[in-house]
Asks: 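So that we are looking at the same thing, I have put the structure below in structure tokens.
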Amino acid sequence: MSLSKTIKDIENIVGKRQLITSEWRKEPYSKGWRYGEGKAFAVAKPNSLIEIWKVLEICVRDNIIIIMQAANTGLTGGSTPYGDDYDRKILIINTMLIDDIHIINDGKQIIGLTGSTLYNLEKKLKPYGREPHSIIGSTSIGASIIGGVCNNSGGSLVKRGPAYTELALYAKINKKGRLELVNELGINLGSSTEEILKNLQNENYNMSDIISSNKLASDNMYSEIVRQINKSTPARYNSDNRLLYGASGSAGKVAVFAVRLDTYPTPKKNKVFYVGSNNPDVFWRIRRDILSKFKTLPTLGDYLHRDCYDAAKKYSKDNFVVIEKLGTKFLPTLFELKRSIDIIASKLKILPNNFSDRLMQFLSNFWPNHLPKRMEKFRDLYEHHWVIEMSDDGIEEAENYFKKIFKNKEGGYFICNDHEAKKASLHRFVSASAIGRYHILNSKKHGEMMSMDIAFPRNEKNWFEKLPKEIDDMFEMKLYYGHLFCHVLHQNYILKKDVDAELLKEKLLKVFDERGAEYPAEHNVGHEYYAKSNLSNFYKELDPTNMFNPGIGKTSKLKNWV
């Protein structure tokens, strides 16, 4: 079948305005948010679930690779093409126009359609006194609900664990190369594919159609797992067999139409404890005490090293100010604007690459210091910083504990007022962007940037990285942040000029292997990590002909997994 015929048939389904074929307009969809890019002959943006199904039918008929994409906010390139070594043409199906969210069971559960976002879910649940799985991190950048489920996203919340459900509606291509609909959503929606998809999108079902079963709509074991501080395995990581089921962990190997998820009660009150120390062992002791002895688990506990604190203060100030002044609602718009500016600037020789970052960094220099005085004082006093949020009964528990432990241990703490609490959490969140901005501004002076997403064993005492000198000497900069209660660390590096990044990465991963660590912890393998055998076998089971997102986890890009 000719490509022009394929394009025309897809256009007849989604409409001319929702089929993108020009190189300039495809770029925001074919280039990863932080990593990876490749060629696609078109980007289709369907308006309905049935349109997605019909486009999938065309792709199966014409032997077209399918890459399902929502917000394209992933960090490892897993929702875009990667390179030019595919054996078939590629179509990207962007789902963001189909963003409905259905509230069911009095707000205790939701149905998120394929392009629905965490930000909108958070807004929808507020009147019910409920919260979604993820807050501020993925929520702020406009990430989709289904993207989190498909990618085993972890997040910083201590009680909730990775995004997970066994209740989903999705399409897959079977061993015979035929498209089939799998309805595990637990709702009676009809019998034919068209009936099921239309009834779901139109919310044409009653409470009596919702089936109660033993199937999970969240990870119900995580709070128990994270408390097991003497176990020699990590609390959470991407290839955990326990959390690979249907759409969950599928990484684009099926086309997910909807997921059903649990929600969580909003705490009556919260307090943020800002903790500092110069001794990593003090944080090790605090972590073990809180997880093993507290009746109430923390809401979150995010770590920040002093170097990362400083880098975020300088290189993430613009993101901080945008969120603080305009709210998280504006952030997805800002990222789209940045992408558009950079694409335009790349066509104009007089403007430098990554023009938007350079402009925003220049403007941020005129903004006054945005961080509270007590945080700045702790920055001068302590190398290691920990933002710990407690809720309800856990607040008094934590206050009594910190008063006692810092009589005998090196370090200190203060209880944030509302103003400080917002700034402390936001500063930790925007720190993730600091290394990228620094690298953009100094790329001519230094080597490559490398970001590692590592889950250390729960009994690991030496959580703070100490590398052999021959490896340590290869780095120009190291920035550390992460989620200490679950021992997930994000270790970001700028290499010295002329250092072989791939060779160094092999050495680092060998060190992590020797320590019993797992990787990636929460960002999905994308095109940056090798999928372990259990994960690649899961992909092959879901997608036996390798039509969906081939090459994920550095697996084969060829048809039938050749």
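In what follows, every heavy atom counts, from backbone to side chain, and hydrogens, waters and symmetry copies are set aside. By convention here, the first residue in the shown sequence is residue 1.
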Asks: Check step by step if side chain to side chain contact (heavy atoms under 4.5 Å, CB included) holds for R437 and D318.
Replies: CA-CA 11 Å; R437 175 67 60 80; D318 52 313; 2.9 Å; yes

Asks: Does any donor atom in the side chain of S79 or Q69 lie under 3.5 Å from an acceptor atom in the other side chain?
Replies: no

Asks: Once the angle between the rings of H527 and Y82 is folded into 0 to 90°, is it parallel (under 30°), tilted (30 to 60°) or perpendicular (over 60°)?
Replies: parallel

Asks: Ignoring hydrogens, what is the shortest heavy-atom contact between L479 and A311? Give both atom names and the distance.
Replies: CD1-CB, 3.7 Å

Asks: Could you tell me whether the side chain of L157 reaches within less than 4.5 Å of the side chain of T299, counting heavy atoms only?
Replies: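 In short, these two side chains touch, coming nearer than 4.5 Å.
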
Asks: Quick check: are there more than 12 heavy atoms from other residues, nucleotides or ligands sitting under 6.0 Å from NZ of K409?
Replies: no

Asks: Going by atom types alone, do H483 and E522 pair a side-chain donor with an acceptor below 3.5 Å?
Replies: yes

Asks: Is there a side-chain contact between H133 and V149 (heavy atoms, below 4.5 Å)?
Replies: no

Asks: Looking at K507 and E470, is any side-chain nitrogen of the basic one under 4.0 Å from a carboxylate oxygen of the acidic one?
Replies: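 Answer for the salt bridge query: no.
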
Asks: Look at the side chain of R160 and the backbone N and O of P132, then say whether any donor-acceptor pair between them is shorter than 3.5 Å.
Replies: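 A pair under 3.5 Å: yes.
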
Asks: For the backbone of T263 and the side chain of R130, can you confirm whether one donor and one acceptor N or O come within less than 3.5 Å of each other?
Replies: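 Side chain of R130 to backbone of T263, a donor-acceptor pair under 3.5 Å: yes, one is there.
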
Asks: Side chains of R236 and D219, heavy atoms from C-beta outward: is any pair under 4.5 Å?
Replies: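 They are not in contact (no side-chain heavy atoms under 4.5 Å apart), so the answer is no.
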
Asks: When you check the gap from the basic side-chain N to the acidic O, do R306 and D310 get nearer than 4.0 Å?
Replies: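 Looking at D310 together with R306, the answer is no, because their closest N to O distance does not fall below 4.0 Å.
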
Asks: Can you find a pair of side-chain heavy atoms, one from F402 and one from I290, that are under 4.5 Å apart?
Replies: yes

Asks: May I ask you to decide whether R285 forms a salt bridge with D289, counting only side-chain N to carboxylate O separations under 4.0 Å?
Replies: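 Answer for the salt bridge query: yes.
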
Asks: Using a 3.5 Å distance criterion without hydrogens, assess whether the side chain of R288 forms a donor-acceptor pair with backbone atoms of I229.
Replies: yes

Asks: If you look at every heavy atom in S451 and Y529, which pair is closest and at what distance?
Replies: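 Taking S451 first and Y529 second, the nearest heavy atoms are O-OH, 3.6 Å.
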
Asks: Can you name the nearest heavy-atom pair linking N151 to N238, along with the distance?
Replies: O-ND2, 3.3 Å

Asks: Please check if atom NZ in K31 has more than 12 non-hydrogen atoms from other residues, nucleotides or ligands closer than 6.0 Å.
Replies: no

Asks: For a 4.5 angstrom cut-off between non-hydrogen side-chain atoms, does T95 reach M68?
Replies: yes

Asks: Can you spot which of H490, E465, Q491 makes a side chain to side chain donor-acceptor pair (under 3.5 Å) with Y480?
Replies: E465

Asks: Do the side chains of N152 and L244 get nearer than 4.5 Å, heavy atoms only?
Replies: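 They are in side-chain contact.
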
Asks: Could you tell me whether a side-chain N or O of R515 sits under 3.5 Å from a main-chain N or O of N462, the two making a donor and an acceptor?
Replies: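 Judged by distance alone, yes, a pair lies under 3.5 Å.
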
Asks: Does a sphere of radius 6.0 Å around CG in D473 hold more than 12 heavy atoms from other residues, nucleotides or ligands, not counting ones at 6.0 Å or beyond?
Replies: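 Yes, because the 6.0 Å sphere around CG of D473 holds more than 12 heavy atoms from other groups.
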
Asks: Using the ring of each side chain (for Trp, its six-membered ring), is F378 parallel, tilted or perpendicular to Y382, with breaks at 30° and 60°?
Replies: perpendicular

Asks: Honestly, is K313 close enough over F320, meaning NZ or CZ under 6.0 Å from the six-membered ring centre and within 45° of the axis?
Replies: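 No cation-pi geometry.
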
Asks: My understanding is that only residues two or more places apart in sequence, or in another chain, count here; which of them pass ring-ring contact (aromatic ring centres under 6.0 Å, His included) with H384?
Replies: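 If we apply the ring-ring contact (aromatic ring centres under 6.0 Å, His included) test to H384, skipping adjacent residues, the hits are Y303, H305, W463, F464.
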
Asks: Under the rule for side chain to side chain contact (heavy atoms under 4.5 Å, CB included), what residues qualify as partners of D513, not counting sequence neighbours?
Replies: Y519

Asks: So among Y481, F485, Y413, which one has a ring pair (Phe, Tyr, Trp, His ring centres under 6.0 Å) with W386?
Replies: F485

Asks: Check residues 245-252 and write down every donor-acceptor pair under 3.5 Å in which the side-chain atom is one partner and the other belongs to a residue at least two apart or another chain.
Replies:
| from | atom 1 | to | atom 2 | distance (Å) |
| --- | --- | --- | --- | --- |
| Y245 | OH | K215 | NZ | 3.4 |
| S248 | OG | T165 | N | 3.0 |
| S248 | OG | T165 | O | 2.6 |
| S250 | OG | A247 | O | 2.7 |

Asks: More than 12 heavy atoms of other residues, nucleotides or ligands under 6.0 Å from CG of N442: yes or no?
Replies: yes

Asks: Side chains of N120 and T117: do they bring a donor and an acceptor to under 3.5 Å?
Replies: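 Yes, T117 and N120 have a side-chain donor paired with an acceptor closer than 3.5 Å.
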
Asks: Using a cut-off of 6.0 Å, state whether more than 12 heavy atoms not belonging to E410 lie near its atom CD.
Replies: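 Enclosed: over 12 neighbouring heavy atoms sit under 6.0 Å from CD of E410.
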
Asks: Quick check: do M449 and I435 have side-chain heavy atoms less than 4.5 Å from each other?
Replies: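 Result yes, sub-4.5 Å side-chain heavy-atom pair found.
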
Asks: Can you find a pair of side-chain heavy atoms, one from V499 and one from F475, that are under 4.5 Å apart?
Replies: no

Asks: If we ignore hydrogens and angles and just use 3.5 Å, is the side chain of K317 paired with the main-chain N or O of S364 as donor and acceptor?
Replies: yes

